[in-house]
Amino acid sequence: MLRFGLCCIFRKEPIKFRRTTAKYLQAFHRNQQLKYLAEICLHNAHSLNKALRYCRDHDIKDFRINSQILPLKTHPDMGYSMEELPFHDQIIQTFKDCGRFCRKHDIRTTFHPDQFILLSSPSSEVIQRSVADLIYQAEVAGWVNADVINIHGGGAYGNKRESLRRLRKGIEQLPEAVRSRLTLENDDRVYAPKDLLPVCRDMGIPLVYDVHHHRCLSDGSSVEATTEMVVGTWSREPLFHLSSPRDGWDSGKPGSHHDYIDADDFPGCWTNLDITVEVEAKAKELAVFKLKQDLIDRAKRIN
DNA sequence: AGCGGTCAAGTTGAT
DNA sequence: ATCAACTTGACCGCT
(Lines give C-alpha, C1' and ligand atoms only; values in the text may rest on other atoms or scores of the structure.)
Protein backbone atom coordinates (compact mmCIF):
# COMPACT_ATOMS: atom_id res chain seq x y z
CA MET A 1 0.00 0.00 0.00
CA LEU A 2 1.12 3.52 -0.79
CA ARG A 3 1.27 5.95 2.06
CA PHE A 4 1.14 9.59 1.06
CA GLY A 5 2.73 12.32 3.14
CA LEU A 6 2.05 15.98 3.74
CA CYS A 7 4.95 18.38 4.17
CA CYS A 8 4.97 20.67 7.21
CA ILE A 9 2.12 23.09 6.55
CA PHE A 10 -1.40 23.48 5.17
CA ARG A 11 -2.72 25.50 2.25
CA LYS A 12 -6.36 25.80 3.34
CA GLU A 13 -6.80 24.21 6.73
CA PRO A 14 -6.19 26.88 9.39
CA ILE A 15 -3.43 25.12 11.29
CA LYS A 16 -0.36 27.32 11.70
CA PHE A 17 3.07 26.91 13.18
CA ARG A 18 4.64 30.01 14.72
CA ARG A 19 8.20 31.26 14.46
CA THR A 20 10.34 34.09 15.65
CA THR A 21 13.70 35.62 14.84
CA ALA A 22 16.83 36.18 16.86
CA LYS A 23 16.77 39.81 15.85
CA TYR A 24 13.36 40.37 17.37
CA LEU A 25 14.31 38.60 20.59
CA GLN A 26 17.51 40.63 20.97
CA ALA A 27 15.61 43.51 22.56
CA PHE A 28 14.32 41.40 25.46
CA HIS A 29 15.87 40.15 28.68
CA ARG A 30 16.68 36.47 28.83
CA ASN A 31 13.67 35.49 30.92
CA GLN A 32 11.36 37.37 28.57
CA GLN A 33 12.99 35.66 25.61
CA LEU A 34 12.44 32.27 27.21
CA LYS A 35 8.82 33.03 28.00
CA TYR A 36 8.16 34.13 24.42
CA LEU A 37 9.95 31.09 23.02
CA ALA A 38 8.08 28.77 25.39
CA GLU A 39 4.75 30.18 24.22
CA ILE A 40 5.69 29.48 20.62
CA CYS A 41 6.90 25.98 21.45
CA LEU A 42 3.67 25.13 23.24
CA HIS A 43 1.62 26.64 20.45
CA ASN A 44 3.55 24.53 17.92
CA ALA A 45 3.10 21.37 19.97
CA HIS A 46 -0.66 21.97 19.97
CA SER A 47 -0.58 22.76 16.27
CA LEU A 48 1.21 19.49 15.61
CA ASN A 49 -1.51 17.73 17.53
CA LYS A 50 -4.15 19.38 15.36
CA ALA A 51 -2.18 18.62 12.21
CA LEU A 52 -2.01 14.93 13.08
CA ARG A 53 -5.73 14.80 13.83
CA TYR A 54 -6.39 16.39 10.47
CA CYS A 55 -4.18 13.77 8.85
CA ARG A 56 -6.02 10.95 10.58
CA ASP A 57 -9.38 12.36 9.56
CA HIS A 58 -8.31 12.75 5.95
CA ASP A 59 -6.41 9.52 5.51
CA ILE A 60 -2.99 11.15 5.27
CA LYS A 61 -0.67 8.65 6.90
CA ASP A 62 2.57 10.61 6.96
CA PHE A 63 3.43 14.11 8.12
CA ARG A 64 6.76 15.91 7.79
CA ILE A 65 7.46 18.08 10.81
CA ASN A 66 9.00 21.50 10.25
CA SER A 67 12.49 21.52 11.70
CA GLN A 68 11.80 24.93 13.30
CA ILE A 69 9.06 23.49 15.49
CA LEU A 70 11.17 24.59 18.47
CA PRO A 71 12.41 27.86 16.99
CA LEU A 72 16.03 28.92 17.40
CA LYS A 73 16.62 25.82 19.56
CA THR A 74 20.35 25.68 18.82
CA HIS A 75 20.96 29.30 17.86
CA PRO A 76 24.33 30.51 19.23
CA ASP A 77 22.73 33.42 21.15
CA MET A 78 19.07 32.50 21.52
CA GLY A 79 19.40 28.71 21.87
CA TYR A 80 17.97 27.02 24.96
CA SER A 81 17.51 23.72 26.70
CA MET A 82 14.02 22.52 27.49
CA GLU A 83 14.67 22.89 31.24
CA GLU A 84 15.10 26.64 30.77
CA LEU A 85 11.66 27.08 29.26
CA PRO A 86 8.71 27.93 31.50
CA PHE A 87 6.08 25.16 31.47
CA HIS A 88 8.47 22.83 29.61
CA ASP A 89 6.73 19.82 31.14
CA GLN A 90 3.55 20.81 29.40
CA ILE A 91 5.37 21.29 26.10
CA ILE A 92 7.04 17.90 26.27
CA GLN A 93 3.83 16.18 27.37
CA THR A 94 1.99 17.66 24.41
CA PHE A 95 4.63 16.30 22.03
CA LYS A 96 4.43 12.91 23.71
CA ASP A 97 0.66 12.98 23.22
CA CYS A 98 1.40 13.44 19.52
CA GLY A 99 3.64 10.38 19.62
CA ARG A 100 0.96 8.23 21.25
CA PHE A 101 -1.59 9.48 18.74
CA CYS A 102 0.67 8.53 15.82
CA ARG A 103 1.25 5.04 17.20
CA LYS A 104 -2.45 4.51 17.69
CA HIS A 105 -3.40 5.67 14.21
CA ASP A 106 -0.36 4.43 12.29
CA ILE A 107 0.77 7.88 11.21
CA ARG A 108 4.40 8.18 10.26
CA THR A 109 6.29 11.39 11.04
CA THR A 110 9.60 12.60 9.66
CA PHE A 111 12.03 15.48 10.01
CA HIS A 112 13.90 17.22 7.23
CA PRO A 113 16.55 19.57 8.65
CA ASP A 114 17.15 22.39 6.21
CA GLN A 115 20.01 23.22 3.91
CA PHE A 116 22.31 24.55 6.62
CA ILE A 117 22.65 21.17 8.29
CA LEU A 118 25.80 19.72 6.74
CA LEU A 119 27.94 16.76 7.70
CA SER A 120 30.31 17.05 4.72
CA SER A 121 31.55 20.58 5.30
CA PRO A 122 35.30 21.20 5.58
CA SER A 123 34.52 23.48 8.52
CA SER A 124 34.42 21.66 11.84
CA GLU A 125 32.30 24.49 13.27
CA VAL A 126 29.66 23.93 10.61
CA ILE A 127 29.65 20.22 11.39
CA GLN A 128 29.46 20.85 15.13
CA ARG A 129 26.48 23.18 14.79
CA SER A 130 24.83 20.71 12.43
CA VAL A 131 25.28 17.85 14.87
CA ALA A 132 23.82 19.98 17.66
CA ASP A 133 20.76 20.69 15.51
CA LEU A 134 20.39 17.02 14.60
CA ILE A 135 20.51 16.13 18.29
CA TYR A 136 17.72 18.62 19.01
CA GLN A 137 15.57 17.19 16.23
CA ALA A 138 16.24 13.67 17.45
CA GLU A 139 15.04 14.71 20.89
CA VAL A 140 11.71 15.87 19.45
CA ALA A 141 11.64 12.81 17.20
CA GLY A 142 11.83 10.65 20.31
CA TRP A 143 8.83 12.38 21.86
CA VAL A 144 6.68 12.21 18.74
CA ASN A 145 7.91 8.79 17.60
CA ALA A 146 9.36 10.02 14.29
CA ASP A 147 11.57 7.46 12.56
CA VAL A 148 13.32 9.66 9.98
CA ILE A 149 15.70 12.60 10.13
CA ASN A 150 16.55 13.24 6.51
CA ILE A 151 19.45 15.33 5.25
CA HIS A 152 21.24 16.01 1.98
CA GLY A 153 24.86 15.27 1.20
CA GLY A 154 25.71 18.97 1.24
CA GLY A 155 28.24 20.70 -0.98
CA ALA A 156 31.01 19.25 -3.12
CA TYR A 157 33.57 21.85 -2.03
CA GLY A 158 35.43 21.23 -5.25
CA ASN A 159 36.10 17.57 -4.44
CA LYS A 160 33.17 15.21 -4.24
CA ARG A 161 35.09 12.14 -3.14
CA GLU A 162 36.77 13.97 -0.31
CA SER A 163 33.45 15.50 0.72
CA LEU A 164 31.76 12.11 0.76
CA ARG A 165 34.56 10.85 2.96
CA ARG A 166 33.90 13.69 5.41
CA LEU A 167 30.19 12.86 5.25
CA ARG A 168 30.95 9.32 6.35
CA LYS A 169 33.09 10.58 9.21
CA GLY A 170 30.32 12.97 10.21
CA ILE A 171 27.78 10.17 10.29
CA GLU A 172 30.10 8.01 12.38
CA GLN A 173 30.25 10.57 15.16
CA LEU A 174 26.48 10.96 15.51
CA PRO A 175 24.84 9.77 18.71
CA GLU A 176 22.55 6.78 18.38
CA ALA A 177 19.33 8.81 18.67
CA VAL A 178 20.29 10.62 15.46
CA ARG A 179 22.03 7.83 13.61
CA SER A 180 19.19 5.36 14.05
CA ARG A 181 16.86 7.84 12.33
CA LEU A 182 19.27 9.39 9.85
CA THR A 183 18.60 9.13 6.12
CA LEU A 184 20.33 10.69 3.11
CA GLU A 185 18.49 12.22 0.17
CA ASN A 186 19.73 12.81 -3.36
CA ASP A 187 19.63 16.51 -4.30
CA ASP A 188 19.25 18.37 -7.59
CA ARG A 189 22.70 19.98 -7.76
CA VAL A 190 25.50 17.86 -6.32
CA TYR A 191 24.70 14.37 -5.09
CA ALA A 192 22.71 11.96 -7.26
CA PRO A 193 21.56 8.55 -5.98
CA LYS A 194 24.69 6.86 -7.37
CA ASP A 195 26.88 9.15 -5.27
CA LEU A 196 25.06 8.37 -2.04
CA LEU A 197 24.17 4.70 -2.44
CA PRO A 198 27.66 3.43 -1.51
CA VAL A 199 27.60 5.50 1.68
CA CYS A 200 24.12 4.21 2.46
CA ARG A 201 25.04 0.58 1.83
CA ASP A 202 28.29 0.69 3.78
CA MET A 203 26.86 2.50 6.78
CA GLY A 204 23.34 1.13 6.97
CA ILE A 205 21.79 4.52 6.26
CA PRO A 206 18.61 4.42 4.16
CA LEU A 207 18.36 6.59 1.04
CA VAL A 208 15.35 8.86 0.60
CA TYR A 209 14.79 8.84 -3.13
CA ASP A 210 13.63 12.16 -4.54
CA VAL A 211 12.66 11.33 -8.11
CA HIS A 212 12.23 15.00 -9.04
CA HIS A 213 15.80 15.73 -7.97
CA HIS A 214 16.93 12.68 -9.89
CA ARG A 215 15.23 14.02 -13.01
CA CYS A 216 17.02 17.35 -12.48
CA LEU A 217 20.39 15.72 -11.75
CA SER A 218 20.69 12.43 -13.56
CA ASP A 219 23.33 9.81 -12.89
CA GLY A 220 22.61 7.59 -15.88
CA SER A 221 20.40 5.15 -13.97
CA SER A 222 16.71 4.78 -14.75
CA VAL A 223 14.00 5.56 -12.23
CA GLU A 224 13.12 1.86 -12.18
CA ALA A 225 16.66 0.66 -11.46
CA THR A 226 17.22 3.38 -8.89
CA THR A 227 13.96 2.59 -7.13
CA GLU A 228 15.03 -1.00 -6.77
CA MET A 229 18.46 -0.11 -5.42
CA VAL A 230 17.02 2.44 -3.01
CA VAL A 231 14.43 0.03 -1.62
CA GLY A 232 17.35 -2.24 -0.78
CA THR A 233 18.77 0.34 1.63
CA TRP A 234 15.64 0.24 3.81
CA SER A 235 14.90 -2.24 6.56
CA ARG A 236 11.63 -0.40 7.27
CA GLU A 237 9.11 1.28 4.99
CA PRO A 238 11.00 3.23 2.32
CA LEU A 239 10.47 6.97 2.04
CA PHE A 240 10.37 8.74 -1.31
CA HIS A 241 9.81 12.34 -2.35
CA LEU A 242 7.75 13.53 -5.30
CA SER A 243 7.20 16.94 -6.88
CA SER A 244 6.45 18.50 -10.24
CA PRO A 245 8.24 21.45 -11.85
CA ARG A 246 6.43 24.78 -11.58
CA ASP A 247 7.35 25.99 -15.07
CA GLY A 248 7.83 22.69 -16.88
CA TRP A 249 11.04 20.83 -17.55
CA ASP A 250 12.40 23.25 -20.15
CA SER A 251 12.33 26.42 -18.07
CA GLY A 252 15.45 27.88 -16.55
CA LYS A 253 14.79 26.32 -13.17
CA PRO A 254 12.93 23.01 -13.21
CA GLY A 255 13.72 22.69 -9.52
CA SER A 256 10.88 24.99 -8.46
CA HIS A 257 7.85 23.19 -7.10
CA HIS A 258 4.40 23.33 -8.65
CA ASP A 259 1.21 23.83 -6.67
CA TYR A 260 0.15 20.29 -7.56
CA ILE A 261 1.65 17.02 -8.78
CA ASP A 262 1.26 16.00 -12.40
CA ALA A 263 0.17 12.36 -12.09
CA ASP A 264 2.44 11.58 -15.05
CA ASP A 265 5.40 12.44 -12.82
CA PHE A 266 4.43 9.62 -10.46
CA PRO A 267 6.64 6.69 -11.48
CA GLY A 268 4.60 3.71 -12.62
CA CYS A 269 7.01 1.36 -10.83
CA TRP A 270 6.00 2.83 -7.46
CA THR A 271 2.37 1.86 -7.81
CA ASN A 272 2.48 -1.50 -6.07
CA LEU A 273 5.18 -0.82 -3.50
CA ASP A 274 4.79 -0.51 0.26
CA ILE A 275 6.33 2.94 0.51
CA THR A 276 5.76 6.41 1.87
CA VAL A 277 5.62 9.16 -0.76
CA GLU A 278 5.93 12.65 0.63
CA VAL A 279 4.19 15.12 -1.66
CA GLU A 280 6.27 18.26 -2.12
CA ALA A 281 3.76 20.63 -3.67
CA LYS A 282 2.77 24.11 -2.68
CA ALA A 283 -0.95 23.36 -2.48
CA LYS A 284 -0.05 21.02 0.38
CA GLU A 285 -3.00 18.95 1.61
CA LEU A 286 -4.98 19.85 -1.50
CA ALA A 287 -2.16 18.46 -3.65
CA VAL A 288 -2.20 15.19 -1.71
CA PHE A 289 -5.95 14.79 -2.29
CA LYS A 290 -5.68 15.64 -5.98
CA LEU A 291 -2.77 13.27 -6.59
CA LYS A 292 -4.57 10.37 -4.94
CA GLN A 293 -7.67 11.02 -7.03
CA ASP A 294 -5.69 11.46 -10.25
CA LEU A 295 -3.89 8.18 -9.68
CA ILE A 296 -7.20 6.42 -9.12
CA ASP A 297 -8.57 7.95 -12.32
CA ARG A 298 -5.45 6.98 -14.23
CA ALA A 299 -5.69 3.39 -13.03
CA LYS A 300 -9.32 3.26 -14.18
CA ARG A 301 -8.39 4.54 -17.64
CA ILE A 302 -5.71 1.93 -18.02
CA ASN A 303 -8.04 -0.91 -16.99
C1' DA B 1 -6.61 46.01 8.26
C1' DG B 2 -3.17 45.85 4.93
C1' DC B 3 1.21 45.68 3.26
C1' DG B 4 6.32 45.75 2.87
C1' DG B 5 10.65 44.46 4.68
C1' DT B 6 12.87 41.02 7.04
C1' DC B 7 14.50 36.64 8.72
C1' DA B 8 20.49 31.89 12.06
C1' DA B 9 22.73 29.09 9.73
C1' DG B 10 26.07 27.36 4.03
C1' DT B 11 27.19 26.59 -0.69
C1' DT B 12 26.90 27.19 -5.45
C1' DG B 13 27.00 29.54 -9.53
C1' DA B 14 25.52 33.61 -12.26
C1' DT B 15 27.03 38.16 -13.00
C1' DA C 1 34.26 39.88 -5.76
C1' DT C 2 29.39 40.06 -4.84
C1' DC C 3 25.02 38.39 -4.17
C1' DA C 4 20.74 35.96 -5.32
C1' DA C 5 18.80 31.43 -5.15
C1' DC C 6 17.64 27.59 -2.60
C1' DT C 7 12.16 27.60 -0.35
C1' DT C 8 8.92 30.20 1.89
C1' DG C 9 5.88 31.65 4.95
C1' DA C 10 5.18 34.17 9.17
C1' DC C 11 6.19 37.95 11.80
C1' DC C 12 6.78 42.78 13.16
C1' DG C 13 6.04 47.37 12.55
C1' DC C 14 4.49 51.11 10.00
C1' DT C 15 0.77 53.41 7.54
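As the structure is a prediction and not an experimental result, all values here were calculated from the model. Quick note on labels: first sequence line is chain A, next is B, and so on, each numbered from 1.
- Taking atom P on both nucleotides, dG5(B) is separated from dA4(C) by 14 Å, rounded to a whole Å.
- Within the nucleic acid shown, Gln68(A) comes within 4.0 Å of at least one base atom, counting heavy atoms only.
- Going from the C1' atom of dT8(C) to that of dG4(B) covers 16 Å, rounded to whole Å.
- Heavy-atom minimum distance, Glu280(A) versus Asp210(A): OE1-OD2, 3.3 Å.
- Each of Lys284(A) and Arg189(A) lies near DNA chain C, and the nucleotide nearest Arg189(A) is the one positioned closer to the 5' end.
- Distances were taken from every side-chain heavy atom of Lys282(A) (C-beta onward) to each of dT8(C), dG10(B), dA9(B); the shortest belongs to dT8(C).
- Separation of the C1' atoms belonging to dG2(B) and dT7(C) is 24 Å when rounded to the nearest angstrom.
- Separation of the C1' atoms belonging to dT11(B) and dG9(C) is 23 Å when rounded to the nearest angstrom.
- The side chain of Leu72(A) lies closest to dA8(B), out of dA8(B), dG10(B), dG9(C).
- For the pair Tyr191(A) and dT12(B), the criterion of a side-chain N or O lying under 4.0 Å from OP1 or OP2 is not met.
- When the P atom is used for both dC3(C) and dC7(B), the distance is 15 Å, rounded to whole Å.
- Between Arg19(A) and dA8(B), a side-chain N or O to OP1/OP2 separation shorter than 4.0 Å is absent.
- OP1 or OP2 of dC11(C) sits under 4.0 Å from a side-chain N or O of Arg18(A).
- Going from atom NE2 of His112(A) over to atom C1' of dT8(C) covers 14 Å, rounded to whole Å.
- Nucleotides dA8(B) and dC12(C) have their P atoms positioned 13 Å apart, rounded to a whole Å.
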